[in-house]
Amino acid sequence: MFRTNLLRTTVQTGAAAAAGTAASTGVDSPWYRHLRKPALQPPAAVFPVVWTALYADLAITSAAVLTELQRQAGPGRHRRGPRVRTIRRPVRPPSEAARLERGYRRALALNLALNAGWSWVFFTKHDTALATATAAALTVSTADLARRAAQARPLCGAALLPYAGWCGFATVLSARIHRLNA
């Protein structure tokens, strides 16, 4: 079950990363080079390293969350290796776990759309105000994703906190760029 979820979440995060990267070719554009940037902006080499780590964290953590919710929603026995083992009593009714799983999937899809959308708004549309609003929405979405993950497994919620923190930083950075260039 975890492997299937990991494959799905990896494909989803990979698609968002690819869409964002496609739009980020604007980093080499004259428009971007001429923008005034704040002193708090990290060197360009930092962004691909951080985003790769955060996307990997998101894919793995989301797979763990979905697997846990599926275990809680399913019957009490699950195949694990060559033998069947009994899983502990569910923490919540199966229908609630299934509802939480659907909610997490929707929240993840929205989060990835906002994530990829920021690059398009900023680098393709050159709209720094809308990019700041998109980054803020992404930050709220990421905090919500961490909250939802914590409902399934508290450690998973904690695992998404670096992603939420980075999105908050990206919002501040976007706002600063907008103010410097408005």
Side-chain angles (χ1 to χ4, degrees), residues 1-29 32-33 35 37-70 100-101 103-124 128 130-178:
M1 196 177 338
F2 175 77
R3 288 183 192 145
T4 301
N5 285 326
L6 182 58
L7 178 62
R8 287 180 180 152
T9 57
T10 299
V11 168
Q12 289 173 308
T13 56
T21 300
S24 296
T25 56
V27 165
D28 297 324
S29 72
Y32 183 74
R33 282 195 310 269
L35 280 177
K37 296 169 190 80
L40 60 94
Q41 179 158 336
V46 169
F47 290 96
V49 172
V50 170
W51 278 113
T52 299
L54 292 174
Y55 278 127
D57 173 34
L58 181 60
I60 293 166
T61 301
S62 292
V65 168
L66 293 169
T67 300
E68 178 62 25
L69 291 171
Q70 289 165 349
L100 291 173
E101 179 192 353
Y104 189 88
R105 286 186 188 281
R106 283 192 301 269
L108 178 62
L110 172 64
N111 184 272
L112 291 171
L114 288 166
N115 196 311
W118 181 89
S119 296
W120 285 93
V121 169
F122 187 84
F123 290 111
T124 304
T128 58
L130 184 56
T132 300
T134 303
L138 175 61
T139 301
V140 170
S141 170
T142 304
D144 178 59
L145 208 57
R147 179 192 62 79
R148 289 170 185 271
Q151 286 178 327
R153 292 179 67 187
L155 187 59
C156 289
L160 291 179
L161 292 179
Y163 179 38
W166 183 259
C167 291
F169 172 71
T171 302
V172 170
L173 187 58
S174 290
R176 243 351 242 134
I177 289 172
H178 175 67

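Residues take their numbers from the sequence shown, with the count starting at 1. All values derive from a computational prediction rather than experimental measurement. Just so you know, these numbers use all the heavy atoms, side chains as well, and skip hydrogens, waters and symmetry mates.
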Side-chain donor-acceptor contacts of residues 44-58 below 3.5 Å, not counting sequence neighbours, with atom names and distances?
from: Thr52; atom 1: OG1; to: Pro48; atom 2: O; distance (Å): 2.7
from: Tyr55; atom 1: OH; to: Asn115; atom 2: OD1; distance (Å): 2.7
from: Asp57; atom 1: OD1; to: Thr61; atom 2: OG1; distance (Å): 2.9

Practice problem: Mind listing the closest non-hydrogen atom pair of Leu173 and Pro38 along with its distance? | Solution: CD1-CG, 3.5 Å

Self-check item: Set of residues satisfying salt bridge (charged side-chain N to carboxylate O under 4.0 Å, His left out) with respect to Arg147, sequence neighbours excluded
Solution: Asp144

Exercise. Test side-chain contact (heavy atoms from CB on, under 4.5 Å) on Asn5 and Gln70 and set out the steps.
Key: CA-CA 10 Å; Asn5 285 326; Gln70 289 165 349; 2.8 Å; yes

Practice problem: Report, as yes or no, whether the 6.0 Å neighbourhood of atom CZ on Arg33 holds more than 12 heavy atoms from other residues, nucleotides or ligands. | Solution: yes

Quiz prompt | Exercise: identify the closest heavy-atom pair between Ala152 and Glu68 | solution = O-CG, 3.7 Å

Quiz item: Any side-chain heavy atom of Leu112 within less than 4.5 Å of one from Leu108?
Solution: yes

Exercise. List in chain and number order the residues that pass salt bridge (charged side-chain N to carboxylate O under 4.0 Å, His left out) with Arg105, two or more places apart in sequence or in another chain; answer none if no residue qualifies.
Key: Glu101

Please list every donor-acceptor pair under 3.5 Å in which a side-chain atom of residues 13-22 meets a protein atom from a residue at least two apart or in another chain.
from: Thr13; atom 1: OG1; to: Thr9; atom 2: O; distance (Å): 2.9
from: Thr13; atom 1: OG1; to: Thr10; atom 2: O; distance (Å): 3.2
from: Thr21; atom 1: OG1; to: Ala17; atom 2: O; distance (Å): 2.7

Quiz item: Is a donor on one side and an acceptor on the other found under 3.5 Å between the side chain of Thr171 and the backbone of Cys167?
Solution: yes

Quiz item: side-chain contact (heavy atoms from CB on, under 4.5 Å) between Arg148 and Leu100: does it pass, once the steps are laid out?
Solution: CA-CA 8 Å; Arg148 289 170 185 271; Leu100 291 173; 5.8 Å; no

Self-check item: Closest heavy-atom pair and its distance - Ala107, Ser141
Solution: O-OG, 4.2 Å

Quiz item: Is a side-chain N or O of Arg153 found less than 3.5 angstrom from the main chain of Val65, in a donor-acceptor match?
Solution: no

Quiz prompt | Pairing residues for Phe2 by the ring pair (Phe, Tyr, Trp, His ring centres under 6.0 Å) criterion, not counting sequence neighbours | solution = none

Quiz item: What pair of heavy atoms forms the shortest contact from Trp118 to Ser174, and how long is it?
Solution: NE1-OG, 3.2 Å

Quiz item: Judged by atom type as modelled, is there a donor-acceptor pair below 3.5 Å linking the side chain of Lys37 to the main-chain atoms of Tyr32?
Solution: yes

Quiz prompt | By side-chain contact (heavy atoms from CB on, under 4.5 Å) - contacts of Ala164 (at least two apart) | solution = Thr142

Practice problem: Please lay out, stage by stage, how Phe122 and Thr132 fare under the test side-chain contact (heavy atoms from CB on, under 4.5 Å). | Solution: CA-CA 9 Å; Phe122 187 84; Thr132 300; over 6 Å; no

Quiz item: Would Trp166 and Phe169 count as a close aromatic pair, with their ring centres under 6.0 Å?
Solution: yes

Quiz item: Should Phe123 and Thr25 count as side-chain neighbours, where that means a heavy-atom distance under 4.5 Å?
Solution: no

Quiz prompt | For the student: nearest non-hydrogen atoms of Leu6 and Ala59, plus distance | solution = CD1-O, 3.9 Å

Self-check item: Audit row: Ile177, Gln41, side-chain contact (heavy atoms from CB on, under 4.5 Å) steps and yes/no
Solution: CA-CA 9 Å; Ile177 289 172; Gln41 179 158 336; 3.7 Å; yes

